[in-house]
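See structure below.
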There are 2 protein chains.
Amino acid sequence: MARKTHRSPEEAKKTILDAAESILVDVGPAGLRLSAVAKKAKMAHPNIIHHFGSREGLLQALSNRIGERATLRTTNAIDQALKAPPQERVAAVIKVLETPYQGDEGRAAVWLHLSGAKSAIRSNMEHIVALSHQFRQSFDPTASKDNTNRLVLLITLALVGEVISGDEIKEALGFGDSDESRAHFKQWLAEILLTLNDNQLKTSLSINKSSKTTTPTSSIPQES
Amino acid sequence: MARKTHRSPEEAKKTILDAAESILVDVGPAGLRLSAVAKKAKMAHPNIIHHFGSREGLLQALSNRIGERATLRTTNAIDQALKAPPQERVAAVIKVLETPYQGDEGRAAVWLHLSGAKSAIRSNMEHIVALSHQFRQSFDPTASKDNTNRLVLLITLALVGEVISGDEIKEALGFGDSDESRAHFKQWLAEILLTLNDNQLKTSLSINKSSKTTTPTSSIPQES
DNA sequence: ATTGCTGTTTACAGTTTTGTAAACTAGAAT
DNA sequence: ATTCTAGTTTACAAAACTGTAAACAGCAAT
């Protein structure tokens, strides 16, 4: 390892982060070893510490980069959906649903989140939900903010789940590994999101003071 | 630590597993240290190796126990929903949605899954989806297996996401930490699941001819 | 009580890992 | 060409971690 390929600090950091990210997907943050990252980046491990201060610094930088990339892509995708003409809405929504899956970023992001890294989710969520509401109102003027919030929550949770164990669950449910059947599911979901109007989402939710949520065996409010 | 409290092997294993599980929730499988488990279980760490063979053996046993408990509870909850009278259906479905959250088991299970432990999801998923379909048909005879599959997939993914970053996402979306607003979301979701009939779920999914489905044709340039 | 089994502990070894220190060198500036 | 800066490497240290070996001790059976 006598070769000393000098690079700029930015480039060095990038190669280190790339190597770390590719390893992170397999072993997780707690399993990330500086020696492994150094080997993949083709350098000696103290070089990593020189650029990031410590192992923790590397993880923090990694978390930041992944978070920024993911939120940028997501907001872009929703933005595109907003500008899309009606006949392309389904495709646009599908694209939004596909955004987090790119590569293994989502998996890495969730893993970092599990490990306690300050995630970039919270800071950008307001923007995302605002854009989503704007989108919903563009084809359903009666759409309420509450229901948008709930839909965004449901979809976000599902996307997190998808990133983690989507492949296994889909396989267990009989969805083939073919891209086709997965595209079907995404299309199904996208169409539902576009079809459901606020009336269908309201159901009997108006009751809010029953408050017997933990012991639901008693009477169930269903009137309105 | 001169006190030597003798126990049966089963009881010893249980105390070790309990300690390991409570730690696992915070640090993840890769971060689980035998010394930490031993300290929490109030014993010396070689004792753990004596009972489980190795650190890996402990993780495997832990994964098995968590998986078995979770799937048992889930199938039980769906079973109850099947037997519930119509006016208690919403409550029953809410209970199904709450099943995985009990304690921190879900978080631990997902983390183990991320780390490559053979999960118990796949083997029991068939049973779960069969029960779910039975349940759907009990109030909507026209319910198709395809849509049940898709709904189960959506809910399962959302539950996985809920377990991982539900708290943070909900907070970011403005859902209060109060149990009340969370109960609202669950009730909203449960009612949607019970309300949606197969007609609404079918939408225009039959279109396989459309060119916009699988290849979203980037007619829209990347810009924002 | 004595014996034997086994759960439990102490002491220790080998390996791995993060981080430090100093030497080395590629490339830019002079 | 010479000098200087800074990225890079080698060598090393301290700590942590898993697993081993042997001794210890509670408990049941004889």
Side-chain angles (χ1 to χ4, degrees), chain A residues 1-65 111-112 115-117, chain B residues 1-65 111-112 115-117:
Chain A
M1 213 168 276
R3 225 355 153 263
K4 291 192 181 181
T5 51
H6 259 57
R7 330 157 231 235
S8 72
E10 291 75 23
E11 204 168 346
K13 283 186 181 179
K14 179 177 174 354
T15 54
I16 294 173
L17 285 174
D18 288 343
E21 189 173 329
S22 73
I23 295 176
L24 184 76
V25 173
D26 292 328
V27 302
L32 192 76
R33 300 295 157 222
L34 291 183
S35 56
V37 177
K39 183 180 176 185
K40 189 138 213 161
K42 293 188 175 62
M43 60 178 63
H45 83 267
N47 206 11
I48 301 174
I49 293 184
H50 175 253
H51 283 293
F52 293 97
S54 68
R55 177 181 175 278
E56 202 52 40
L58 170 64
L59 283 176
Q60 196 57 256
L62 197 52
S63 177
N64 291 343
R65 192 178 75 156
W111 215 327
L112 281 166
S115 300
Chain B
M1 217 170 269
R3 218 15 142 255
K4 291 192 182 181
T5 52
H6 257 56
R7 329 156 232 235
S8 70
E10 292 75 25
E11 203 167 346
K13 285 185 180 178
K14 179 179 175 351
T15 51
I16 294 173
L17 285 174
D18 288 343
E21 189 174 330
S22 73
I23 295 177
L24 183 76
V25 173
D26 292 327
V27 300
L32 192 76
R33 300 295 155 221
L34 291 183
S35 57
V37 177
K39 184 181 177 184
K40 189 137 212 162
K42 293 187 176 63
M43 60 178 63
H45 82 266
N47 206 10
I48 300 174
I49 293 183
H50 172 74
H51 283 293
F52 292 97
S54 67
R55 177 181 175 278
E56 201 52 39
L58 170 63
L59 283 176
Q60 196 56 256
L62 197 50
S63 177
N64 290 343
R65 192 177 76 156
W111 215 328
L112 281 167
S115 301

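All values below were derived from every heavy atom in this structure, side-chain atoms included, with hydrogens, water molecules and symmetry-related copies excluded. Note that the structure is a prediction, hence the values are computed from the model and not measured.
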- Message: Both A:Gly53 and A:Ser35 contact DNA chain C. Which one's nearest nucleotide lies toward the 5' end?
- Response: A:Ser35
- How many Å lie between CD1 on B:Ile16 and C1' on C:dG7, as a whole number? 10 Å
- Query: Closest to the B:His6 side chain: D:dC27, C:dG19, C:dG27?
  - Reply: D:dC27
- Task: Starting at atom NE2 of B:His45, determine the distance to atom P of D:dA21, rounded to an integer number of angstrom.
- Result: 14 Å
- Between C:dT17 (C1') and A:Glu56 (CD): distance, integer Å: 14 Å
- Here the distance between atom P of D:dT8 and atom CG of A:Leu34, to the nearest Å, is 15 Å
- Task: List the steps and the verdict of side-chain contact (heavy atoms from CB on, under 4.5 Å) for A:Arg7 and A:Lys14.
- Result: CA-CA 11 Å; A:Arg7 330 157 231 235; A:Lys14 179 177 174 354; over 6 Å; no
- Query: Atom CE of B:Met43 to atom P of C:dT6: distance rounded to whole Å?
  - Reply: 18 Å
- Item | Nearest-neighbour nucleotide for the B:Pro46 side chain, D:dG19, D:dT20, D:dG7 considered | D:dT20
- Nearest heavy-atom pair of B:Arg55 and B:Leu32: which atoms, and what distance? NE-O, 3.1 Å
- Do any side-chain nitrogens or oxygens of B:Arg7 fall under 4.0 Å of OP1 or OP2 in D:dC27? no
- Look at all strands and tell whether A:Leu32 reaches a base, only sugar-phosphate, or nothing, counting heavy atoms closer than 4.0 Å. sugar-phosphate
- Task: Please determine if a side-chain N or O atom of B:His51 lies less than 4.0 Å away from the OP1 or OP2 oxygen of C:dT6.
- Result: no
- Query: Between C:dG7 and B:His50, is there an OP1 or OP2 to side-chain N/O distance shorter than 4.0 Å?
  - Reply: yes
- What's the CZ-P distance between B:Arg55 and D:dA16, to the nearest Å? 17 Å
- Task: Remember a base hit wins even if backbone is also touched, and classify A:Ser8 as base, sugar-phosphate or nothing at under 4.0 Å, heavy atoms.
- Result: nothing
- Query: Going by heavy atoms in the side chains, are B:Leu58 and B:Leu17 under 4.5 Å from each other?
  - Reply: yes
- Message: Can you identify which nucleotide, out of D:dC17, D:dT20, C:dT20, has its nearest atom closest to the B:Ile49 side chain?
- Response: D:dT20
- Item | Heavy-atom closest pair, residues B:Trp111 and B:Gly28 | CE2-CA, 3.2 Å
- Grab the CD1-C1' distance between A:Ile48 and D:dT9 for me, whole Å please. 13 Å
- Please determine if a side-chain N or O atom of B:Asn47 lies less than 4.0 Å away from the OP1 or OP2 oxygen of C:dT9. yes
- Message: Please confirm whether the shortest side-chain N or O distance from A:Arg33 to OP1 or OP2 of C:dT18 is below 4.0 Å.
- Response: yes
- From CA spacing to verdict: side-chain contact (heavy atoms from CB on, under 4.5 Å), B:Ile16, B:Met43: CA-CA 9 Å; B:Ile16 294 173; B:Met43 60 178 63; 3.8 Å; yes
